[in-house]
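Counting begins at 1 with the first residue of the sequence. Both counts, for ligands and for their atoms, begin at 1 and track the order of listing. Values in this document were obtained by computation on a predicted structure and should not be read as measured data.
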Amino acid sequence: MKMIQIVLFFFALISFTTNAIDSDDFCVANLFLTSDTPSGYPCKSEKFVTADDFMYSSLAAAGNTANPFKVGLTSVNVSNLAGLNGHKLSAARIDIGINGSVPMHTHPDATELLIVIQGQITVGFITPTKLLVKILNPGDVWVFPIGLLHFQFNSGDGNAIAYAAFSSSNPSIHVISPLLFGNNLPTSTIQKTTLLDAAPIMMLKGVFGGSG
Ligand SMILES: *[C@@H]1O[C@H](CO)[C@@H](O)[C@H](O)[C@H]1NC(C)=O
Ligand SMILES: *[C@@H]1O[C@H](CO)[C@@H](O)[C@H](O)[C@H]1NC(C)=O
């Protein structure tokens, strides 16, 4: 690159990121130079904002279910829909193959709304005092309260499809099985802290790529 091109490039970068807050109505994420923070991304300068910043258009396609849980998750969060920045909202499409599930997990920072579109999905969440489970069919809507351990599984005889909405622009997801069995946490520690036998732990370390 010639010096003038380099100078113009940096000028473009700077004008893209400064004048950050020039709209009271929205703060489209500047995904270019920065990363997400607890208070979101900095705003993209309004003069670079276009309609495309408010749209994501590939949710009609099924997610890839070729994995042990036979589940395809397509997330639409601030990383691919910049206009979600600052709005406590995001979406996902969930495809669950026959006998598949969304494994036991929590979203520590988001409540989840689930809308079943196709097939039959059994859902549930667990609190220290209650187990709440329900069989959902197309048109049914369910809510998983923030932070609670929950699951979904395909209880029908065909593929199931649901859409989800989350009360965060970038909800985190903590899935129990890969957290327990997908790293080098020693088998003896898992035994002590779960009372599981060594054999199933070794088997699950094999599935999730853990060692030790
Ligand atoms: C946000 O969406 C992207 C693109 O779909 C995905 O790769 C990423 O895992 C999602 N973030 C979280 C925290 O789920
Ligand atoms: C789903 O599970 C049932 C019961 O275990 C089994 O009979 C059936 O073959 C399984 N189907 C698929 C596609 O895995």
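Neither the backbone nor the side chain of V76 comes within contact range of ligand 1; no heavy atom lies under 4.0 Å. Residue-level proximity to ligand 1 for S75 is carried by backbone and side chain together, each with a heavy atom below 4.0 angstrom.
In this structure, atom 2 (O) of ligand 1 has protein heavy atoms in its sub-4.0 angstrom surroundings.
Put simply, the side chain of H107 gets close to the backbone of S172: a donor and an acceptor are under 3.5 Å apart. Side-chain N or O atoms of R93 include one that pairs as donor or acceptor with a backbone N or O of A60 at under 3.5 Å. Looking only at distances, no side-chain donor or acceptor of N30 sits under 3.5 Å from a matching main-chain atom of C43.
Looking only at atom types and distance, the side chain of N77 has a donor-acceptor partner in the side chain of S79 under 3.5 Å away.
Under the 4.5 Å side-chain criterion, counting only non-hydrogen atoms from C-beta, F151 is not in contact with V123.
Any N or O atom pair closer than 3.5 Å counts here, and S172 shares no such pair with ligand 1.
Protein heavy atom at the shortest distance from atom 14 (O) of ligand 2 is N99 ND2, 3.1 Å. Nearest protein heavy-atom neighbour of atom 4 (C) of ligand 1: N80 ND2, 3.2 Å.
Using a 4.0 Å cutoff on heavy atoms, S90 does not count as a contact of ligand 1.
Nearest to atom 12 (C) of ligand 1 by heavy-atom distance, out of N77, L73, I173, is N77.
The side-chain contact (heavy atoms from CB on, under 4.5 Å) with V116 is formed by just one residue from the set I94, L136, I161; it is L136.
Distances below 4.0 Å separate heavy atoms of K70 from the following atoms of ligand 2: 14 (O).
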